[in-house]
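We count ligands from 1, going down the list as the structure has it; atoms in each ligand are counted the same way. Just so you know, these numbers use all the heavy atoms, side chains as well, and skip hydrogens, waters and symmetry mates. Fair warning: this is a prediction, and the values are worked out from it, not measured in the lab.
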Amino acid sequence: MLALLGGEPAITFKFNPYVTIGNEEELACLRVLRSGSLSAFYGSDCKEFYGGREVLALESEWADYFQVEHAISVNSNTSGLICALGAIGLEPGDEVIVSPWTMCASATSILVWNALPVFADIEPETFNLDPISIENKITKKTKAIVVPDIFGHSANLLEIMAIAKKYNLFVIEDAAQAPGALYMGRAVGTVGDIGVYSLNYHKHIHSGEGGVCVTNHPDLAEKIRLIRNHAEAVVSERKLKNITNMVGFNFRLTELQAAIAREQLRKLSRLLKKKQDEAQYLISGLNGLPGLRLPVIKKDCTHAFYLFPMILGGSYVKKREFLVKALRAEGLPFISEGYANIHLLEIFQRKIAYGSNGFPWNVYDIDHHIDYQRGTCPVAEDLHANSFFSMEHCLFDYDQRALDGIVSVFKKVWQYFDEG
Ligand SMILES: *Cc1c(COP(=O)(O)O)cnc(C)c1O
């Protein structure tokens with residue numbers, strides 16, 4: 001009998017937490033502590049404007065690993081997105097197209113420059129931006145597209161880059177969930193003009209907090225470095241002529257975080273391979289359950305499996321709520337129903353970002369053509385409301401017992417449906 005209906009839960013053991021920090025990070029921290037230099041950044045025009053030993057080493061190792069010209073560390077992916085969007089020269093009132101299926105910072109970082117997020121719909125295979133919907137949302141105010149590679153699978157970058165070229169738009173990849181995933185042989189995050197990775201605690205690899213921007217454009221790289229570190233303070237010494245978006249922040253990573261991140265980067269290939277193997281095992285084990293669409297990995301792509309996304313089909317759609325409850329009750333606490341549609345957050349519904357009078361929309365969107373109402377992203381909204389559910393995949397470190405446990409729980413719950 002199902003645990004949800006009073007039976008014994010199929011799983012009684014606890015899943016092991018996903019821990020990536022070990023001896024190597026401990027030694028790296030000691031090295032930095034003993035050096036006495038916990039951050040070597042200066043906010044003025046000198047060599048240390050670019051940070052200390054560990055920060056510079058991390059950046060050069062990151063650029064090597066991801067095969068990209070420039071890597072610029074920041075203190076979060078959110079900060080990285082803010083730097084990237086400032087670097088491309090956004091004007092207040094410009095429009096930036098973004099996905100409703102991402103973490104909210106992909107959209108709110110646009111608001112930081114008083115530009116306006118416009119949400120395009122997603123496609124149900126990988127849950128990434130749908131190129132057709134992107135093209136439909138382009139206006140003469142559109143300046144860029146923020147493209148998440150959501151759950152660890154790249155967006156349709158070939159088509160998105162072609163659209164960007166046609167309309168002269170910048171592409172910023174939010175690769176927070178896809179470090180090390182590949183798209184046509186290239187690292188996800190390095191295909192767009194700028195890519196941003198996260199080193200937040202919840203991601204594949206982390207330094208507590210942190211992030212890295214990557215780009216092959218030297219000008220964009222330098223602007224990102226300026227915005228990271230009090231740009232306004234160095235503008236005159238450097239005799240910079242173009243001071244567009246040179247309001248700087250303090251988005252600097254400490255030496256301790258950088259030293260940890262260097263060790264984490266060394267582990268990325270191994271950690272990623274384990275997550276991919278675990279996902280493949282689950283895909284084989286769950287294959288053939290009726291009404292269950294397992295994660296799709298498109299040709300020429302690899303999946304980083306930050307999340308294990310699934311869709312229900314046929315008569316199973318109506319059973320989602322029961323099914324998710326039943327799976328949880330059997331001992332899988334990391335199953336969730338739907339995925340947030342960020343265009344439906346209050347900030348967009350009420351168009352209140354700065355102050356209480358609707359800025360920046362009340363100033364820059366005077367024709368009120370930007371619509372965040374329910375119905376503007378029908379595919380994303382329908383998946384959330386009806387058929388999508390997922391397993392957190394980077395929360396636990398699965399051993400064989402855990403993997404077999406997950407498969408047997410799904411089979412037990414599905415068997416109940418077959419009989420019912
Ligand atoms: C985690 C995440 C972020 C935010 O990263 P931080 O480093 O916590 O700022 C942004 N976008 C996506 C898609 C994420 O998953």
Side-chain angles (χ1 to χ4, degrees), residues 18 20 58 62 71-86 96-112 117 119-120 122 126-129 144-155 157 160 171-181 183 187-189 191-192 194-214 224 227-228 249-254 257-258 260-261 264-265 268 272 275 303-309 334 336 339-343 345 347 380 384 388 390-395:
Y18 178 65
T20 64
L58 168 66
W62 198 279
I72 307 101
S73 63
V74 281
N75 61 0
S76 70
N77 171 292
T78 305
S79 317
L81 289 168
I82 295 171
C83 290
L85 287 156
V96 179
I97 294 173
V98 61
S99 173
W101 274 34
T102 179
M103 192 254 170
C104 55
S106 312
T108 52
S109 52
I110 298 162
L111 287 169
V112 169
F119 294 91
I122 61 172
T126 67
F127 313 103
N128 281 305
L129 278 170
I145 316 169
V146 172
V147 181
D149 299 295
I150 206 67
F151 307 143
H153 193 294
S154 75
L157 293 168
I160 292 174
V171 171
I172 296 172
E173 274 185 84
D174 181 347
Q177 302 187 359
Y183 179 76
V188 169
V191 183
I194 303 174
V196 189
Y197 302 93
S198 175
L199 289 166
N200 169 275
Y201 173 60
H202 301 285
K203 300 291 154 64
H204 290 79
I205 58 170
H206 75 95
S207 52
E209 303 288 351
V212 182
C213 298
V214 293
I224 292 168
I227 295 167
R228 164 178 72 177
F249 296 82
N250 175 350
F251 290 152
R252 306 176 309 215
L253 201 63
T254 67
Q257 291 167 307
I260 294 171
Q264 291 280 286
L265 179 61
L268 177 58
L272 184 64
K275 284 288 145 214
H303 201 310
F305 286 105
Y306 180 67
L307 211 80
F308 190 90
F334 42 82
S336 42
Y339 196 73
N341 275 298
I342 57 175
H343 65 295
L345 294 176
I347 184 172
H384 172 66
F388 182 85
S390 66
M391 277 192 278
E392 294 269 4
H393 199 67
C394 269
L395 214 51

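Within ligand 1, the atoms closer than 4.0 Å to a non-hydrogen atom of Asp174 are 10 (C), 11 (N), 12 (C), 13 (C), numbered from 1 in the order shown. For ligand 1, the atoms lying closer than 4.0 Å to a non-hydrogen atom of Asn200 are 7 (O), 8 (O). Near Gly210, meaning under 4.0 Å from one of its heavy atoms, ligand 1 places the atoms 7 (O). For ligand 1 and Ser76, the ligand atoms under 4.0 Å from any heavy atom of the residue are 7 (O), 9 (O). Of all atoms in ligand 1, listed by their number and element, those nearer than 4.0 Å to a heavy atom of Ser198 are 5 (O), 6 (P), 7 (O).
Of the heavy atoms in Ala176, only side-chain atoms (C-beta onward) come closer than 4.0 Å to ligand 1. Both the backbone and the side chain of Thr78 come within 4.0 Å of ligand 1, counting heavy atoms alone. Heavy atoms of His202 found under 4.0 angstrom from ligand 1: none, in either backbone or side chain. Counting heavy atoms closer than 4.0 Å to ligand 1, residue Thr102 contributes side-chain atoms (C-beta onward) but none from N, CA, C or O.
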Cys83/Val74 under side chain to side chain contact (heavy atoms under 4.5 Å, CB included): CA gap, chis, key distance, verdict = CA-CA 9 Å; Cys83 290; Val74 281; 4.1 Å; yes
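No side-chain donor from either of Gln264 and Ser207 sits under 3.5 Å from a side-chain acceptor of the other. Neither side chain, Asn77 nor Asn200, offers a donor N or O lying under 3.5 Å from an acceptor on the other.
Counting all heavy atoms, side chain and backbone alike, Ser109 lies closest to Leu81 at OG-CB, 3.5 Å.
Protein heavy atom nearest atom 2 (C) of ligand 1, with residue, atom name and distance: Lys203 NZ, 2.6 Å. Annotation: atom 15 (O) of ligand 1 to nearest protein heavy atom, Gln177 NE2, 2.8 Å. The protein heavy-atom contact nearest to atom 4 (C) of ligand 1 is Met103 SD, 3.6 Å. Closest to atom 10 (C) of ligand 1 among all protein heavy atoms lies Asn77 OD1, 3.2 Å.
For the atom pair CD1 (Ile150) and CG (Leu129), the distance works out to 9.5 Å, reported to the nearest 0.5 Å. For the atom pair CD1 (Ile260) and CG (Leu253), the distance works out to 9.5 Å, reported to the nearest 0.5 Å. Residue Met391 holds its CE atom at 4.5 Å from CZ of Phe308, rounded to the nearest 0.5 Å.
Aromatic ring orientation, Tyr306 versus His204: tilted (interplanar angle from 30° to 60°).
Between Phe388 and Phe151, the ring center distance clears the sub-6.0 Å criterion.
Using a 4.0 Å heavy-atom cutoff, Ser79 is absent from the residues neighbouring ligand 1.
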